[in-house]
*Asks:* 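Could you have a look at this structure, given as structure tokens, before my questions?
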Amino acid sequence: FQDVTPLTFQFLCPLLKEIPFFAIGDDRQAIYGFAGGTPYFIQNLKDKVPGTARKNLIYNYRSNQTIVQTSAIFADPKAVKSVAKDPSEGKIFIIVVEDEKAQVKQVAEEIRNRIKDTPLMIISRNRPETNPVVKAYLDEMGKQAQFMTVHKSKGLEKEAVLIVNVIEDAEEQYTVPARDKDHPVVRYIKANGFQDAILAEEERLFYVALSRAEKYLFIVTEEKRESVFIKKIKENQKNHEVRSEEHTSELQSRQYL
């Protein structure tokens with residue numbers, strides 16, 4: 001129900017006021033704004049349909065506590081907090097390289113050393129046919145890896161997840177969050193105050209990507225081009241919401257959460 005469109009809700013609303021109904025959704029995973037979806041209606045359903053009762057599902061049965069806490073950084077502050085049924089404090093690996101495309105082989109070797117033969121889900125904001133970095137990872141990891149865009153990964157899970165190309169660069173096409181395009185429609189949206197909503201959806205997309213991992217989570221970024229989302233995780237480290245250790249190696253600086 002988190003992805004219902006205004007037109008769909010306009011159609012449903014008279015029915016919902018007349019008949020018993022049950023709606024389920026997660027406003028943290030509302031990622032279909034490009035199709036008109038909005039979390040507004042699930043967030044405000046009690047006001048829109050008087051008499052509606054809410055039951056919060058708070059337990060996360062997929063991920064360990066560290067992944068649940070880190071994912072929550074990118075959820076709406078008003079969203080219900082999840083409690084991990086797995087209380088173990090796992091690690092999130094933020095791998096910082098000089099040039100991701102040039103260092104795919106080293107990153108892949110590092111991951112294999114950590115997870116051995118565990119199946120891996122590679123998640124990217126873009127499809128492999130449009131992003132050479134993703135294609136390089138798939139070639140390197142072979143049958144061990146399954147590729148998903150963030151949108152396709154929704155609802156799925158894997159013991160180990162690798163999120164690639166988490167960079168920010170005004171000249172780069174493949175960034176996280178996705179870079180604005182100089183297009184009349186985009187300029188119109190920004191001029192009419194929707195830019196905050198676009199960034200909020202990009203954060204929800206990153207939340208979905210992070211929360212696919214059950215046990216191991218790897219995030220790859222580049223020196224001097226770190227995504228604002230990486231910076232947001234580091235800022236939360238300072239507030240002791242996420243524990244961290246610092247390391248250096250042949251892959252430049254590497255940070256384990």
Side-chain angles (χ1 to χ4, degrees), residues 63-64 66-67 70-71 90-153 156-179 202 205-206 208-234 237 242 244-257:
S63 309
N64 61 45
T66 304
I67 293 172
T70 305
S71 301
K91 283 186 176 179
I92 296 174
F93 304 87
I94 295 182
I95 303 176
V96 185
V97 295
E98 285 186 337
D99 182 331
E100 187 170 5
K101 185 179 179 181
Q103 294 178 265
V104 163
K105 186 171 184 176
Q106 296 99 307
V107 173
E109 182 179 356
E110 168 70 17
I111 292 170
R112 277 193 291 264
N113 288 339
R114 296 282 175 184
I115 67 173
K116 308 305 179 187
D117 297 323
T118 301
L120 176 72
M121 181 187 292
I122 299 176
I123 299 178
S124 169
R125 187 68 178 81
N126 307 93
R127 297 186 300 275
E129 59 266 32
T130 64
N131 190 335
V133 172
V134 176
K135 182 68 165 57
Y137 276 111
L138 291 174
D139 291 342
E140 188 63 39
M141 299 300 296
K143 294 181 179 180
Q144 184 178 5
Q146 171 193 26
F147 172 77
M148 290 283 167
T149 62
V150 183
H151 286 93
K152 288 288 187 182
S153 74
L156 303 178
E157 58 193 57
K158 220 54 162 199
E159 188 173 344
V161 166
L162 165 64
I163 307 174
V164 302
N165 240 183
V166 187
I167 62 171
E168 194 162 13
D169 190 325
E171 303 301 321
E172 176 63 61
Q173 183 179 359
Y174 314 108
T175 63
V176 179
R179 184 170 61 84
E202 288 292 317
L205 272 165
F206 200 58
V208 169
L210 294 170
S211 59
R212 299 310 92 198
E214 299 173 1
K215 186 176 179 181
Y216 302 100
L217 178 57
F218 301 88
I219 307 169
V220 185
T221 187
E222 293 184 16
E223 287 183 326
K224 300 178 182 178
R225 300 207 301 170
E226 289 187 359
S227 165
V228 64
F229 291 167
I230 299 291
K231 296 171 184 175
K232 191 167 183 176
I233 292 175
K234 290 182 176 181
Q237 293 172 29
V242 181
S244 67
E245 301 172 20
E246 295 286 345
H247 294 263
T248 56
S249 77
E250 70 282 357
L251 292 180
Q252 306 302 318
S253 61
R254 187 185 296 116
Q255 197 165 43
Y256 301 144
L257 308 186

*Asks:* Apply the side chain to side chain contact (heavy atoms under 4.5 Å, CB included) test between Arg212 and each candidate in Ile67, Val161, Leu217; give the one that qualifies.
*Replies:* Val161
*Asks:* What heavy-atom pair brings Ser124 and Val164 nearest, and what distance separates the two atoms?
*Replies:* CB-CG2, 3.9 Å
*Asks:* Would you say Glu109 has more than 12 foreign heavy atoms packed within less than 6.0 Å of its CD?
*Replies:* no
*Asks:* Can you see which heavy atom on Ile111 is nearest to which on Phe218, and at what distance?
*Replies:* CG1-CD2, 3.9 Å
*Asks:* Under the criterion side chain to side chain contact (heavy atoms under 4.5 Å, CB included), which of Lys143, Lys158, Gln146 is the partner of Pro119?
*Replies:* Lys158
*Asks:* Does the pair Tyr137 and Val107 meet the rule for a side chain to side chain contact (heavy atoms under 4.5 Å, CB included), with working shown?
*Replies:* CA-CA 9 Å; Tyr137 276 111; Val107 173; 3.6 Å; yes
*Asks:* Does the side chain of Asn131 come under 3.5 Å of the side chain of Asn165 through a donor N or O and an acceptor N or O?
*Replies:* yes
*Asks:* Pair Val134, Asn126 - check side chain to side chain contact (heavy atoms under 4.5 Å, CB included), show working.
*Replies:* CA-CA 8 Å; Val134 176; Asn126 307 93; 5.8 Å; no
*Asks:* With a 4.0 Å cut-off, would you call Glu168 and Lys231 a salt bridge?
*Replies:* no
*Asks:* Taking all heavy atoms of Ala213 and all of Ser63, pick out the closest pair and write down the distance.
*Replies:* O-OG, 2.5 Å
*Asks:* Test your reading of the model: is there a side-chain donor-acceptor pair from Arg225 to the backbone of Thr221, 3.5 Å cut-off?
*Replies:* no
*Asks:* Ignoring hydrogens, what is the shortest heavy-atom contact between Arg125 and Thr175? Give both atom names and the distance.
*Replies:* CG-O, 4.0 Å
*Asks:* What is the minimum heavy-atom distance between Thr118 and Ala160, and which atoms define it?
*Replies:* CG2-CB, 4.2 Å
*Asks:* Once rounded to the nearest 0.5 Å, what's the spacing between atom CZ of Phe206 and atom CD1 of Ile233?
*Replies:* 5.0 Å
*Asks:* For Glu100, does its backbone N or O pair with a side-chain atom of Glu222 as donor and acceptor, under 3.5 Å?
*Replies:* yes
*Asks:* With distance as the sole test, does Glu214 use its side chain to make a donor-acceptor pair with the main-chain N or O of Glu157 at under 3.5 Å?
*Replies:* no
*Asks:* Do the side chain of Ser153 and the main chain of Met148 share a donor and acceptor less than 3.5 angstrom apart?
*Replies:* no
*Asks:* Glu110 side chain to Gln106 main-chain N or O, any donor-acceptor pair under 3.5 Å?
*Replies:* no
*Asks:* Apply side chain to side chain contact (heavy atoms under 4.5 Å, CB included) to residues Lys234 and Ile94 and explain how you reach the verdict.
*Replies:* CA-CA 10 Å; Lys234 290 182 176 181; Ile94 295 182; 5.5 Å; no
*Asks:* For Ala178, does its backbone N or O pair with a side-chain atom of Glu202 as donor and acceptor, under 3.5 Å?
*Replies:* yes
*Asks:* Taking atom CG of Asn113 as the centre, does the number of heavy atoms from other residues, nucleotides or ligands within less than 6.0 Å exceed 12?
*Replies:* yes
